[in-house]
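Notes for the one structure printed next.
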Amino acid sequence: MDLVTTDITLAAQTLRNGGVVAIPTETVYGLGALATDDVAVARIFEIKGRPSDHPLIVHLSSRTQLADWSADVPEWAHTLADTYWPGPLTLVVPRSPLASDVVTGGLPTVGLRVPSHPIAQALLAVVGEGIAAPSANRYGHVSPTTSSHVVAELGPYLAPTDRILDGGASQVGVESTIVDCTGDLPHVLRPGAVTVEQIESTTGLEVVTGGTTRAPGTLPAHYAPQALVLVVDAPDLATAPRGNGLIAPAHIPTPDGLIRLAAPADTAAYARELYAALRRADDLTLTGVVVVPPGADGIGLAIRDRLRRAAYGSAQGR
Ligand code: TXA
Ligand code: MG
């Protein structure tokens, strides 16, 4: 039987049988297992090559399931859930006994998110339980935004009984905003489509940023293709090494000798196209990609965050 499917009933059955299913979400594709099935969840870590102390996000079908998975959620976190779920926001909250050590990496907290993608929503509704899912890439690599990216990343590591649910290209393109809700103030652990400004205006609280390496997505090196990533300002393009790929906003022309991989028309398009463009660099076996980042407004902050981490390994002479 084909690994890639559009059959939601089959995907739900696979999860109930203890298999794993790659799931399209509006941010990136996730690699899911029933969150209460410790054996299936442990396979996610194996398939990704991910250290077992790195916690997973539990995906829920609706906001009403927040109470099942959490304890002691501050009022302002409820407000965030009411405002941004379903959507690209993960809330880290004190866990209930439903969230096992396997899912949380032994932490006393759990990351929760209600995704908005219609296929993820449909699957979660059929399953009726939480689905634990990290991004569906090998540890440290670029997150997948199409089912064929997942095939390329994980195909060799999946069992014939696992499935990849196809839901087209992810519309947001970078991972969810993660907000730690265990302190007095919202703490953004990872920037995403829901911005710091939005969180501030929704909660009326000051937002704390940075200052943790708990989450692998917040380690200095992550989200990296094979090609070396070199982040430059537009004026420095003239001296960028030739023969490399180029990712830059549409208004920036391609200098001679660079291979254009993406020319996003605006910041939202930049987020949507970035990971596919980084993968294209590897498909073309380019040694490097020169990237002119977007401005830091809106989702631009998340893009710049991911680019910095993708470039970190390069700067270390990987
Ligand atoms: O958009 C997304 O968030 C995607 C889609 C599939 O939902 N998922 C995703 O998962 O990016 P992952 O595992 O690749 O990144 C989730 C991040 C990790 O860096 C993890 O350490 C952090 O969330 N995280 C999860 N639970 C946490 C917790 N209890 N405390 C702190 N960080 C946590
Ligand atoms: Mg990830």
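Model, not experiment: these values are computed from the prediction.
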Inset, instruction - Quick one: closest heavy-atom pair of Ser147 and Asp166, and the distance? - result: OG-OD1, 3.0 Å

Legend entry - Nearest atoms (heavy-atom pairs only) where Ala281 meets Ala227: CB-CB, 4.2 Å

Inset, instruction - Give a yes or no on whether the backbone of Asp68 and the side-chain of Ser96 come within a donor-acceptor separation of less than 3.5 Å. - result: yes

Inset, instruction - Using side-chain contact (heavy atoms from CB on, under 4.5 Å) as the criterion, list what pairs up with Ala263, not counting sequence neighbours. - result: Ala250, Arg260

Inset, instruction - Start with the C-alpha gap between Gln171 and His117, add the side-chain angles, then the distance that decides, and say whether side chain to side chain contact (heavy atoms under 4.5 Å, CB included) holds. - result: CA-CA 9 Å; Gln171 285 304 295; His117 193 293; over 6 Å; no

Legend entry - Exam field: side chain Asn244 to backbone Pro241, donor-acceptor pair closer than 3.5 Å: yes

Inset, instruction - Sequence neighbours left out, what passes side-chain contact (heavy atoms from CB on, under 4.5 Å) with Thr182? Give chain and number order. - result: Pro94, Thr109, Asp180

Legend entry - Flag, side chain of Arg242 to backbone of Ala240, donor-acceptor distance under 3.5 Å: yes

Inset, instruction - Could you check if a side-chain atom of Asn17 sits within less than 4.5 angstrom of a side-chain atom of Thr161, using non-hydrogen atoms only? - result: no

Legend entry - Any Leu124 side-chain heavy atom under 4.5 Å of Ile131 side chain: yes

Inset, instruction - Taking all heavy atoms of Ile199 and all of Pro186, pick out the closest pair and write down the distance. - result: CG2-CB, 4.0 Å

Legend entry - Any donor-acceptor N or O pair under 3.5 Å, side chains Thr5, Arg163: no

Inset, instruction - Could you list the residues that satisfy salt bridge (charged side-chain N to carboxylate O under 4.0 Å, His left out) with Arg43, not counting sequence neighbours? - result: Asp162

Legend entry - Donor-acceptor contact present, side-chain Glu200 to main-chain Val207, <3.5 Å: yes

Inset, instruction - Would you mind reporting whether Ile164 and Leu158 have side-chain heavy atoms less than 4.5 Å apart? - result: yes

Inset, instruction - Can you sort out the partners of Arg16 under salt bridge (charged side-chain N to carboxylate O under 4.0 Å, His left out), two or more places apart, ordered by chain and number? - result: none

Inset, instruction - Would you confirm whether Asp7, through its side chain, and Thr9, through its main-chain N or O, come within 3.5 Å as a donor-acceptor pair? - result: yes

Legend entry - Nearest heavy-atom neighbours spanning Ala33 and Val41: CB-N, 4.0 Å

Inset, instruction - Could you tell me whether a side-chain N or O of Asp282 sits under 3.5 Å from a main-chain N or O of Gln226, the two making a donor and an acceptor? - result: yes

Inset, instruction - Go through the side-chain N and O atoms of Tyr84 and Thr177 and say whether any donor and acceptor fall under 3.5 Å apart. - result: no

Legend entry - Basic-acidic side-chain contact under 4.0 Å: Arg308, Asp305: yes

Legend entry - Cys181 side chain near Trp76 side chain, heavy-atom distance below 4.5 Å: yes

Inset, instruction - Can you tell me which residue pairs pass the side-chain hydrogen bond (donor to acceptor under 3.5 Å, both in side chains) test with a partner in residues 265-278, sequence neighbours excluded? - result: Glu175-Tyr275

Inset, instruction - Answer yes or no: is there a donor N or O on one side and an acceptor on the other, between the side chain of Tyr29 and the main chain of Gly167, under 3.5 Å? - result: yes

Legend entry - Heavy-atom side-chain proximity of Leu274 to Leu307 below 4.5 angstrom: yes

Legend entry - Short side-chain to backbone donor-acceptor contact, Arg63 and Val114, under 3.5 Å: no

Legend entry - Side chain His54, main chain Thr104, donor-acceptor under 3.5 Å: no

Legend entry - Close side-chain approach of Thr287 and Leu228, heavy atoms under 4.5 Å: no

Inset, instruction - Sequence neighbours left out, what passes salt bridge (charged side-chain N to carboxylate O under 4.0 Å, His left out) with Glu129? Give chain and number order. - result: none

Inset, instruction - Classify the side-chain pair Ser176/Thr27 by whether it contains a donor and acceptor separated by less than 3.5 Å. - result: no

Legend entry - Donor on one side chain, acceptor on other, Thr25 and Arg113, under 3.5 Å: yes

Legend entry - Val58 and Leu98, any side-chain heavy atoms less than 4.5 Å apart: no

Legend entry - Side-chain (Thr146) to main-chain (His149) donor-acceptor, under 3.5 angstrom: yes

